[in-house]
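Written below as structure tokens is the structure these notes are about.
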Protein chains: 2
Amino acid sequence: MAGIKDLARECGVSVATVSRALNGHPEVSVETRRQVQQAAERLGYRPSQSARALVRGRSDAVGLLWDSGYETAGRKHPFLLSLLVGLKQALSDVGRHLILLNVDVDRQGPRAYLDTARQFQVDGVIVMGVDDHRPALRELFESSLPCVAIDHDIAGPRACCVTSDNRAGAVEAVRHLHDLGHRRIATITGPVDLMPAVQRLRGFQQAVGELGLDLPDEYVQNGDFFMDSGYACGRRLAGLPKSRRPTAVFVAGDEMALGAMHAFADAGLDVPEDIAVVGFDDIEAASLVRPALTTVAQDSLALGTAAVSALLDFVDDRFGDRPAPESPILTPTRLVIRQSCGGGR
Amino acid sequence: MAGIKDLARECGVSVATVSRALNGHPEVSVETRRQVQQAAERLGYRPSQSARALVRGRSDAVGLLWDSGYETAGRKHPFLLSLLVGLKQALSDVGRHLILLNVDVDRQGPRAYLDTARQFQVDGVIVMGVDDHRPALRELFESSLPCVAIDHDIAGPRACCVTSDNRAGAVEAVRHLHDLGHRRIATITGPVDLMPAVQRLRGFQQAVGELGLDLPDEYVQNGDFFMDSGYACGRRLAGLPKSRRPTAVFVAGDEMALGAMHAFADAGLDVPEDIAVVGFDDIEAASLVRPALTTVAQDSLALGTAAVSALLDFVDDRFGDRPAPESPILTPTRLVIRQSCGGGR
DNA sequence: CTGAAAGCGCTTACAG
DNA sequence: CTGAAAGCGCTTACAG
């Protein structure tokens, strides 16, 4: 591995000049720069990340804090995984890398997140899929380390939140059902201590209100994002007397939506003939089942891009005097029409 | 952020002693070590990764090379994502971190993978989901950098491959169908330039041979791991005259299996009554559909653990004189019985 | 425009 | 058992 010294020798200049030439300092002569760049190319020179990070106090890497209990793996939050792809892509576009930080908060105590991030000198951290109530998170948000959480409503001097426009997505879904002629529209919610779940519920309520629809209590069923809860809620809706039974359901998560569809099938109801279903997230299974699920897709690339750019805004703000966004940064959703509401292709 | 100097001052010893105490060098006195450890705890001291990596020439991090074209995202190889969780977990167990290396081979040329890995001084790299034919991969495998590929059959002085025991998994699936009474068993394969696809096919052929079953040409349909190909192959099987139509299909990937099930439904065949289906991978959707898919599950944690430990074997072998495993390291699969073959719960 | 020198925060021979 | 010193590979004031 060629080091900067080899390169300097090769070019007959000092290491300082090599460094300046490669880092785009304006003072080096065009001729020198060209020569150094060519030699670097030729020798396959790459500056050592560690040396650079050590001397500059930053690493051009961002850390990812992500509690992925194994047992629950992809099962738990399938969407997180596509989020990861979005992040990777967004970082790739700005020439940074992602370090999956493994931190055991239970063993390392409340400063674990922060200390680990500093130890790696990451420029900032992105947080997703973690338990909201950890003191270690507070410690992190309240520090001066740039920090962006996806789907967690947090605040701090250099911390903000990025999330899909869950509310608007829910509104669009309900409007779609209304356009299709549905007037009795129910919902199955996610766990109401999760921000996306409450925003989707709010959007549902808002749309239902704006459209002047009836909303009996039993039209709001509480699930937990997993399939079994969707099934249970679906059974309850299917069990309503026909005259009060909803003709459509907005389900706040695809996995629950599939559960609900199974419940409807078991109750002898046809989807979409007897009851229409819209999900949320657009997980892989949504397009794999029959009838394929109409759903509100999150844009994981947009989310990743927004998260990265919010993070870099903090990083670029050397003095930390720019105020952090006070409300979540929202990313648009998109209604993907398939067969579960009829009206699809 | 407390540095090693602060800690040394606090304890009234030299930085050298602090370093030795914290790194478990045997020569420091128990008393000194205890004192240093306590002070480190108290001040929340964490050694700077960059400084350590710079001086030791290694980083305790492993790099991940993973081509995740965004458009294809989680869609393309859903299993890769759960693999990632397995890797993360396995690394966490050995106290290492994972760096997602973003390398643009097309722009950076054939040494891109290797150069990037060296630049970050990762202890080794894990490769998954990449295009087999890249010259940059060769360059990597043939180098002395420890390197483990998942599901890619590679070789090199310090490179090896880890993969599920695809062959055994296929055999188990076919035996299961045979045990259920099936004698006319077909298969839908993955793309035959992919190692897992050919191993699954070989396992299928082996089992069919051992069981003395007929294997007409049309019982081997070639797919590409995606749903549409599964559908097309399913149609062809369903279109066979009833007397020659298989009563069971071993499908080399879950997504294709779902496609095949749709084809069967469209042809008026009931699964599992008229035709039984076994898939491979156990993607999320497998347990979400109805009838739920019986499938050969890969163990992503085992895969991750095997990959990491193979990698660390290379790393620990300072002189590089231990020969690399010449054949792939195999990880067991597990048949998950659900409803698509009957006989399930 | 360029070079010599200091220094980032560690680890590790080398002395004692 | 411990300390002083060198050095890992860079960047960046400071001179010139």
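Values in this document were obtained by computation on a predicted structure and should not be read as measured data. Excluded from the calculations below are hydrogen atoms, water molecules and symmetry mates; all remaining heavy atoms, backbone and side chain alike, are included.
Following rounding to the nearest Å, B:H25 (NE2) and C:dC10 (P) show an atom-to-atom distance of 14 Å. Rounding to whole angstrom units, CZ of residue B:R52 and P of C:dC8 are separated by 19 Å. The CG-P distance, from A:D60 to D:dC10, rounds to 15 Å in whole Å. The CG-P distance, from A:L54 to C:dA6, rounds to 18 Å in whole Å. Atom pair A:N23:CG and D:dT12:P shows a separation of 7 Å (rounding to whole Å applied). Regarding A:L22, its CG atom lies at a distance of 12 Å from the C1' atom of D:dC10, rounded to whole Å. Per the geometry, CZ belonging to B:R56 stands 15 Å off P belonging to D:dG9, to the nearest Å. Atoms NZ (A:K5) and P (C:dA4) sit 13 Å apart, rounded to a whole Å.
At a threshold of 4.0 Å, the pair B:D115-B:R118 does not count as salt-bridged, since none of the basic side-chain nitrogens sits closer than that to a carboxylate oxygen. The existence of a salt bridge linking B:E10 and B:R42 is confirmed by a sub-4.0 Å separation between a basic side-chain nitrogen and an acidic carboxylate oxygen.
Distances from the side chain of A:V55 to the nucleotides C:dC8, D:dT2, C:dG3 place C:dC8 closest. For A:A16, the side-chain atoms get nearest to C:dA5 when compared with the rest of C:dA5, D:dT2, C:dC1. Considering only side-chain atoms of B:S48, the nucleotide from C:dT2, C:dT11, C:dG9 that sits closest is C:dG9.
When each of A:L140, A:L64, A:V62 is paired with A:V125, the side-chain contact (heavy atoms from CB on, under 4.5 Å) condition holds for A:L140 and for no other. Screening A:R52, A:Q49, A:Q121 for a side-chain hydrogen bond (donor to acceptor under 3.5 Å, both in side chains) involving B:S50 leaves a single residue, A:Q121.
Place B:R20 and B:P47 on DNA chain C by their nearest nucleotides, and B:P47 ends up nearer the 5' end. Each of B:Q121 and B:E27 has a nearest nucleotide on DNA chain D; the 5'-most of these lies closest to B:E27. Looking at which nucleotide of DNA chain D each of B:V30 and B:A51 is closest to, the 5′-most match is held by B:V30.
Close to D:dT2, at under 4.0 Å from its OP1 or OP2, lies a side-chain N or O of B:S29. Contact check, A:T17 against C:dG3: a side-chain N or O comes under 4.0 Å of OP1 or OP2.
Among the heavy atoms of the strands lying under 4.0 Å from B:T32 are primed sugar atoms or P, OP1, OP2 only; no base atom is included.
The base of D:dG9 has none of its N or O atoms less than 3.5 Å from a complementary donor or acceptor on the side chain of A:R46.
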A:T331/A:D299 under side chain to side chain donor-acceptor pair (under 3.5 Å): CA gap, chis, key distance, verdict: CA-CA 7 Å; A:T331 261; A:D299 183 342; over 6 Å; no
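Across all strands shown, the partner of C:dC14 is D:dG3, judged by Watson-Crick or G-U wobble contacts whose two distances both fall under 3.5 Å.
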